[in-house]
Chemist: 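Take this structure first; my questions come after.
Here the structure is a predicted model, which means the values were calculated and not measured. Below, each value reflects all heavy atoms present in this structure, side chains not excepted, and no hydrogens, waters or symmetry copies. Chain letters run A, B, ... following the sequence lines, proteins first and then strands; every chain starts at 1.
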Amino acid sequence: MTTRRYWLMKCEPDVYTIDDLARDGKTSWEGVRNYQARNFMRDDVQEGDGVLFYASNAKPSGVTGLATIARAGYLEEPPAWFMVDIAFVERFPEIVSLATLKSTKALAKMMVTQKGSRLSVQPVTKAEYEIVVRIGRQRV
DNA sequence: GCCAACGTTGGC
DNA sequence: GCCAACGTTGGC
């Protein structure tokens, strides 16, 4: 058995939200057209991995909930690009905004908090994942 | 809507 | 292989 890994996956709310995923239960994550992100999905993303569901270009942007990888990387049609399936896990009561991520010292090295980080599928450490989950589950 | 940061394309 | 031009992402 391989170790569970963690990812942050970005999507614009105009396209798909955590509420859409809660309704659908599961969805295919296709249309990624960046080689680095593709390589993660092709080589490293495994069934059962944890996903921070991130709303980009939003007001505000941030992590809106959790998902899990339901199917590891498989070829899109046409081939050359890869997709995965993700399944709904939970919706946070409130978004964990990018500003919050940036102001959390333990997340200073998290990829999404770095300037100019555009990668739509990013690796996240277990520690970072757990911190975001803890913040996300807090009721205000 | 602006624009900085980044990735890709294509001429040379 | 360099690099300018162009297109896209995404925070603000």
Chemist: Run the salt-bridge test on A/Arg38 and A/Glu76 with the 4.0 Å N-O cut-off and return the result as yes or no.
Modeler: no

Chemist: Please check if the distance between the ring centroids of A/Trp29 and A/Tyr16 is under 6.0 Å.
Modeler: no

Chemist: Listed by chain and number, what are the side-chain contact (heavy atoms from CB on, under 4.5 Å) partners of A/Leu107, not counting sequence neighbours?
Modeler: A/Leu101, A/Thr104, A/Met110, A/Glu128, A/Ile131, A/Val132

Chemist: Base, sugar-phosphate, or nothing: which does A/Lys102 touch, judged by heavy atoms less than 4.0 Å apart?
Modeler: sugar-phosphate

Chemist: Rounded off to whole Å, could you give me the CG-to-P distance for the A/Leu98 and C/dG11 pair?
Modeler: 6 Å

Chemist: Mind checking what makes side-chain contact (heavy atoms from CB on, under 4.5 Å) contact with A/Leu119, not counting sequence neighbours?
Modeler: A/Asn34, A/Gln36, A/Ala37, A/Phe40, A/Met111, A/Gln122

Chemist: Can you list every salt bridge (charged side-chain N to carboxylate O under 4.0 Å, His left out) pair that touches residues 47-74 of chain A, not counting sequence neighbours?
Modeler: none

Chemist: For A/Glu12 and C/dC12, what is the distance between atoms CD and P respectively, to the nearest whole Å?
Modeler: 15 Å

Chemist: Might you point out which heavy atoms bring A/Thr64 and A/Ala55 nearest each other, and give the distance in Å?
Modeler: CG2-CB, 4.1 Å

Chemist: What's the CE-P distance between A/Met111 and C/dG11, to the nearest Å?
Modeler: 15 Å

Chemist: Polar-atom pairs under 3.5 Å, protein N or O versus N or O of nucleotides 1-3 of chain C: list them with distances, or write none.
Modeler:
none

Chemist: Output one letter per nucleotide in nucleotides 4-10 of chain B: B when a protein non-hydrogen atom lies under 4.0 Å from the base, S when only the sugar-phosphate is that close, - when neither is.
Modeler: -BB-S--

Chemist: Kindly write out the residues that satisfy ring pair (Phe, Tyr, Trp, His ring centres under 6.0 Å) with A/Tyr129, not counting sequence neighbours, or none if the list is empty.
Modeler: A/Tyr6

Chemist: Give, for atom CD of A/Glu30 and atom CG of A/Asp85, the distance between the pair rounded to the nearest 0.5 Å.
Modeler: 9.0 Å

